[in-house]
Undergrad: 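If you scroll down you'll find the structure; I have some questions about it.
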Amino acid sequence: MLSRVLAAMDRYYRPRRRGNPPPACWLEAERRLDDFRARHPGAPNTALRAELYRVLVEGAEPVIFDDSPFFFELGLRYAENWGTPEDPQPGSYLHRHWGPDTPEEAEARARLWDFALYNPRRRALLWCCYGDHGFDTDHHSPGYTRLFRRGLNGVLEEIARSRARPGRTPAELGELDAMQAGVEALIRLAGRFAELAE
């Protein structure tokens with residue numbers, strides 16, 4: 001079985017190695033994100049992040065390898081890439097185009113990030129965060145105990161409650177919108193994998 005998995009993975013990854021032309025879905029994702037930036041000049045960085053989530057989940061080409069359900073792919077990265085943002089692939093779009101944060105955006109990100117990381121109840125929400133770039137070059141656990149208890153819809157409810165708190169700034173609301181877009185994209189992606197598995 002392992003030899004069949006390895007052969008299937010070789011067939012899948014060989015055309016996605018660096019040096020090969022980018023797949024059409026990558027070019028389409030880049031075009032859509034460029035178009036979004038052109039239609040929304042001066043939009044906050046968080047709006048670009050939210051749009052990236054939507055574009056990636058729609059442009060992904062889910063694959064489940066036949067001989068093992070534990071190996072799956074989205075078709076959105078080079079074969080040799082395991083998180084490096086410098087490569088010209090869809091997930092690195094933010095790294096390549098993220099504008100400077102306004103002071104309000106930086107403060108909102110810091111407040112929400114500190115709350116998520118250092119709250120004694122470990123209420124980390126699902127969203128990507130990386131310094132001033134607003135995305136993640138490493139992997140972070142979403143807090144599975146809470147996630148399994150409440151589900152992704154429960155996380156969306158928490159985001160809605162957080163959004164409804166009085167005094168939220170536009171920058172904080174932008175962060176929460178990006179969080180919501182990320183969770184909704186994850187739900188949609190799970191649905192796409194479920195359809196593929198049927």
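In what follows, every heavy atom counts, from backbone to side chain, and hydrogens, waters and symmetry copies are set aside.
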Undergrad: Applying side-chain hydrogen bond (donor to acceptor under 3.5 Å, both in side chains) between D35 and each of R32, R37, R31, R39, report the one that passes.
TA: R39
Undergrad: Can a donor-acceptor pair be found, under 3.5 Å and without considering hydrogens, that links the side chain of W26 to the backbone of G59?
TA: no
Undergrad: Does a side-chain heavy-atom distance below 4.5 Å link E28 with V55?
TA: no
Undergrad: What's the shortest heavy-atom distance between F193 and I64, and which atoms?
TA: CD2-CG1, 3.8 Å
Undergrad: Which heavy atom of A43 sits nearest to which heavy atom of A47, and what is that distance?
TA: CB-CB, 4.2 Å
Undergrad: How many angstroms lie between CD in Q180 and OG in S162, if you round to the nearest 0.5 Å?
TA: 11.5 Å
Undergrad: Please report the C-alpha distance between L189 and Y53 in whole Å, then the side-chain angles of each, then the deciding distance to 0.1 Å, and finally whether the side-chain contact (heavy atoms from CB on, under 4.5 Å) criterion is met.
TA: CA-CA 10 Å; L189 187 61; Y53 291 141; over 6 Å; no
Undergrad: Which pair of non-hydrogen atoms, one from F65 and one from A8, has the smallest distance, and what is that distance?
TA: CE2-O, 3.8 Å
Undergrad: How long is the span from the CG atom in L156 to the CZ atom in R161, to the nearest 0.5 Å?
TA: 11.0 Å
Undergrad: Strictly below 4.0 Å, N to O, side chains only: are E172 and R165 in salt-bridge contact?
TA: no
Undergrad: So, for V63 and Y12, which heavy atoms are closest and what is the spacing to 0.1 Å?
TA: CG2-CE1, 3.6 Å
Undergrad: How long is the straight-line distance from CD of E158 back to CG of N153, given to the nearest 0.5 Å?
TA: 12.0 Å
Undergrad: Write down the atom of A178, the atom of R49, and the distance for their closest heavy-atom approach.
TA: CB-NH1, 3.8 Å
Undergrad: Start with the C-alpha gap between R188 and E184, add the side-chain angles, then the distance that decides, and say whether side-chain contact (heavy atoms from CB on, under 4.5 Å) holds.
TA: CA-CA 6 Å; R188 172 69 184 120; E184 289 171 346; over 6 Å; no
Undergrad: Just checking, any donor-acceptor pair under 3.5 angstrom between side chains of Y13 and E73?
TA: yes
Undergrad: When you check the gap from the basic side-chain N to the acidic O, do R54 and E51 get nearer than 4.0 Å?
TA: yes
Undergrad: Decide yes or no for L6 and D10: does some side-chain heavy atom of the first lie under 4.5 Å from some side-chain heavy atom of the second?
TA: no
Undergrad: Decide yes or no for L56 and Y93: does some side-chain heavy atom of the first lie under 4.5 Å from some side-chain heavy atom of the second?
TA: no
Undergrad: Would R14 and N20 count as a side-chain contact (heavy atoms from CB on, under 4.5 Å) if you check the C-alpha gap in whole Å, the side-chain angles of each, and the deciding distance to 0.1 Å?
TA: CA-CA 9 Å; R14 189 169 299 278; N20 289 324; 5.7 Å; no
Undergrad: How close do L76 and C25 get, heavy atom to heavy atom, and via which atoms?
TA: CD2-SG, 4.4 Å
Undergrad: Mind checking whether V57 and F72 sit in one hydrophobic cluster, side chains of I, L, V, M, F, W, Y counted as touching below 4.5 Å?
TA: yes
